[in-house]
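Here's the structure, in structure tokens; my notes come after.
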Amino acid sequence: MPILRASQPLDIPAITAIYRHHVLNGTGTFEIDPPSVADMSARIQDVLGKNLPWLVAEGEDGAILGYAYANWFKPRPAYRFSAEDSIYVAEHARGQGIGRLLLDALCRECEAVGVRKLIAVIGDSTNAGSVGVHRAAGFADVGILRGVGWKFDRWLDVVMMEKSLGAGTSTSPE
């Protein structure tokens with residue numbers, strides 16, 4: 001069973017390598033050029049500076065098997081209780097339930113910092129793994145944005161899903 005914990009600076013090269021693989025080989029992210037270690041470090045610091053979680057799954061051998069984080073859905077103040085999740089699992093660790101463990105932990109961490117709505121913006125409507133893990137974690141389908149991305153010489157959809165955290169929209173957050 002992997003250890004789930006907050007990311008640390010020593011994890012940044014592994015996080016960068018995992019994401020690099022997804023950028024170059026997958027459609028779960030619409031990024032085309034992989035970020036450098038310095039770029040990824042700045043992204044992590046940005047998320048942590050907003051008091052939002054960035055988690056990693058660490059294997060028994062200390063290797064990083066995957067990571068998950070949340071960032072504000074939009075920068076405008078009215079969105080301050082809605083965050084977007086991101087999950088990436090190392091290629092060799094896929095299919096072992098690590099994504100679900102990370103997503104469940106991320107939901108708990110987001111709720112603890114006051115997030116009321118977690119939003120999944122999933123690249124590629126054929127991304128069955130990501131759609132499936134979100135459904136299994138209680139996310140509901142919201143809709144599909146058809147053909148909004150262009151990568152690997154084809155148009156890609158975006159699947160939108162959502163999950164209420166804590167009291168959700170049943171009470172005032174303030």
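These numbers come from the heavy atoms of this one structure, side chains and all, not from hydrogens, waters or symmetry mates.
- If you chain together hydrophobic residues whose side chains sit under 4.5 Å apart, Val142 and Ile122 never meet in one group.
- Residues Ile12 and Tyr88 share a hydrophobic cluster, clusters being chains of Ile/Leu/Val/Met/Phe/Trp/Tyr side chains in contact below 4.5 Å.
- With hydrogens and angles left out, the side-chain atoms of Tyr19 and Thr29 include a donor and acceptor closer than 3.5 Å.
- Looking only at side-chain heavy atoms (C-beta outward), Leu24 and Pro34 come within less than 4.5 Å of each other.
- Of all non-hydrogen atoms in Gly166 and Glu111, the two that sit nearest each other are CA-OE2, 3.2 Å.
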Would Asp104 and Arg108 count as a salt bridge (charged side-chain N to carboxylate O under 4.0 Å, His left out) if you check the C-alpha gap in whole Å, the side-chain angles of each, and the deciding distance to 0.1 Å?
-> CA-CA 6 Å; Asp104 288 345; Arg108 289 189 300 273; 5.3 Å; no
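- No single ILVMFWY cluster, assembled from side-chain heavy atoms under 4.5 Å apart, contains both Leu55 and Ile119.
- Within the 4.5 Å cutoff, the side chain of Ile87 has no heavy atoms near those of the Ser130 side chain.
- Aromatic ring pairs are classed by plane angle as parallel below 30°, tilted from 30° to 60° and perpendicular above 60°; the pair Phe139 and His134 is perpendicular.
- One distance of note links CG of Leu65 with CG of Leu102; it measures 9.0 Å at 0.5 Å rounding.
- Between Glu162 and Leu118, the closest side-chain pair of non-hydrogen atoms is not below 4.5 Å.
- The side-chain hydrogen bond (donor to acceptor under 3.5 Å, both in side chains) check on Asn25 picks up His21, with sequence neighbours excluded.
- The same ILVMFWY cluster, assembled from side-chain heavy atoms under 4.5 Å apart, contains both Val158 and Leu156.
- Residues Leu4 and Glu109 are not in side-chain contact: their nearest non-hydrogen atoms beyond the backbone lie 4.5 Å or more apart.
- Checked against side-chain hydrogen bond (donor to acceptor under 3.5 Å, both in side chains), Arg20 has no partners two or more places apart in sequence or in another chain.
- With hydrogens and angles disregarded, no donor-acceptor distance shorter than 3.5 Å links the side chain of Lys50 to the backbone of Trp72.
- Nearest heavy-atom pair across Pro2 and Leu101 is CG-CD1, 3.8 Å.
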